[in-house]
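Okay, so here's the structure we're looking at.
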Amino acid sequence: MSVKVNPNVELSHPLSPLSEVEIEKAVQIVKEQQQLSEHVRFMSVMLHEPKKSEVLNYKPGNTVDRQVFLVILDDKELKTFEAVVNLTSEKVDSYEYIPGVQPNVALEEFEQCEELVKSHPDFVSALQKCGIDNPDLMKNILILVCFLFILEQYNFFQKKTYQLV
């Protein structure tokens, strides 16, 4: 037997993964209730697990209060937020600015970094010196992007909010 919860998703267990409908609903709720701009990206959307006692006491047919945890990056303000959305009540339970935090690197950021390197005049010049000057061949060069995370104890740049590529 499964449980129906808002937004009409059947669950077999409180720890069932979020469905596509639940993810879309959580994003919609936080966008509307927090009046988020078009400059935000959802870096992570996952199940906010219920209390252990609720999971252990769960019986098929019980109602489940589904919550979603979101990590949100405002690209314009360069700020990271964490939110918890309750799908059952369709409300944002919490929305908090997390100072000094950079969320995980997104796939498009890897791609942007690779394009920046490939288009940089110094890189193009170095390839030409090696005899690689065919634009089609240059498109096939793979740039391995490595990230350097600046540790607080090193106190680089007297700031703790940098993530270097």
Side-chain angles (χ1 to χ4, degrees), residues 5-9 11 14-52 54-55 64-127 135 138-165:
V5 296
N6 235 359
N8 300 321
V9 176
L11 299 176
L15 296 178
S16 294
L18 293 172
S19 69
E20 182 179 347
V21 171
E22 288 176 306
I23 292 169
E24 290 172 355
K25 186 68 175 175
V27 167
Q28 175 192 354
I29 290 168
V30 76
K31 276 184 173 179
E32 290 173 0
Q33 293 182 16
Q34 296 300 315
Q35 301 173 349
L36 300 180
S37 76
E38 69 275 2
H39 301 287
V40 300
R41 290 189 292 159
F42 292 85
M43 305 306 288
S44 181
V45 180
M46 66 184 82
L47 178 67
H48 184 71
E49 294 183 4
K51 294 178 185 172
K52 188 172 184 177
E54 292 176 24
V55 174
V64 177
D65 195 30
R66 293 283 273 184
Q67 293 183 319
V68 180
F69 176 75
L70 304 97
V71 176
I72 303 162
L73 175 63
D74 186 323
D75 282 333
K76 187 173 184 182
E77 299 294 323
L78 299 176
K79 292 183 176 180
T80 301
F81 299 86
E82 290 182 351
V84 175
V85 173
N86 187 313
L87 292 175
T88 307
S89 67
E90 297 189 359
K91 300 246 186 265
V92 176
D93 286 347
S94 67
Y95 187 82
E96 182 181 357
Y97 166 58
I98 311 297
V101 170
Q102 166 71 35
N104 55 307
V105 178
L107 180 60
E108 63 264 18
E109 291 171 316
F110 281 104
E111 293 166 351
Q112 290 168 351
C113 182
E114 185 173 5
E115 287 307 311
L116 283 171
V117 170
K118 285 181 176 180
S119 64
H120 194 280
D122 292 344
F123 182 76
V124 173
S125 175
L127 289 178
M138 291 170 76
K139 289 178 188 175
N140 294 324
I141 294 174
L142 174 66
I143 305 297
L144 181 59
V145 180
C146 298
F147 289 88
L148 168 66
F149 296 94
I150 299 174
L151 302 176
E152 182 177 338
Q153 64 262 30
Y154 295 120
N155 206 17
F156 282 91
F157 307 112
Q158 304 300 315
K159 283 188 122 179
K160 300 174 189 162
T161 58
Y162 287 98
Q163 183 176 25
L164 294 183
V165 180

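The shown structure was predicted, so the numbers you read here are calculated from the model rather than taken from an experiment.
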- Within the side chain of Ser119, is there an N or O that forms a donor-acceptor pair under 3.5 Å with the backbone of Glu115?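 Yes, the answer is positive, given that a donor and an acceptor are paired below the 3.5 Å cut-off.
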- Under 3.5 Å: donor-acceptor pair, side chain of Gln33, backbone of Glu90: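 Between the backbone of Glu90 and the side chain of Gln33 there is a qualifying donor-acceptor contact (under 3.5 Å).
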Minimum heavy-atom distance [X]-[Y], with the two atoms named:
X: Leu47; Y: Leu18; answer: N-CD1, 3.4 Å
X: Val85; Y: Ala26; answer: CG2-O, 3.9 Å
X: Thr88; Y: Arg66; answer: OG1-N, 3.2 Å
X: Gln102; Y: Leu73; answer: NE2-CD2, 4.4 Å
X: Leu36; Y: Tyr95; answer: CD2-OH, 3.2 Å
X: Val124; Y: Lys118; answer: CG2-O, 3.4 Å

- Message: Tell me whether the rings of Tyr97 and Phe81 are parallel (<30°), tilted (30 to 60°) or perpendicular (>60°).
- Response: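 Rings of Tyr97 and Phe81: tilted, 30 to 60°.
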From [X] [atom1] over to [Y] [atom2], what is the distance, rounded to the nearest 0.5 angstrom?
X: His48; Y: Met46; atom1: NE2; atom2: CE; answer: 11.0 Å
X: Ile72; Y: Lys31; atom1: CD1; atom2: NZ; answer: 10.0 Å
X: Asp75; Y: Glu38; atom1: CG; atom2: CD; answer: 11.0 Å
X: Ser19; Y: Lys25; atom1: OG; atom2: NZ; answer: 12.0 Å

- Item | Glu108 atom CD, neighbour heavy-atom count above 12 within 6.0 Å |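 Buried by this count: over 12 neighbours within 6.0 Å.
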Under a 4.5 Å cut-off applied to non-hydrogen side-chain atoms, are [X] and [Y] in contact?
X: Val68; Y: Ile23; value: no
X: Asn86; Y: Ile29; value: no
X: Leu15; Y: Pro50; value: yes
X: Glu109; Y: Arg41; value: yes

- Item | Short side-chain donor-acceptor distance under 3.5 Å, Gln28 and Glu24 |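 No.
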- Task: Please report the C-alpha distance between Val71 and Thr80 in whole Å, then the side-chain angles of each, then the deciding distance to 0.1 Å, and finally whether the side-chain contact (heavy atoms from CB on, under 4.5 Å) criterion is met.
- Result: CA-CA 7 Å; Val71 176; Thr80 301; 4.0 Å; yes
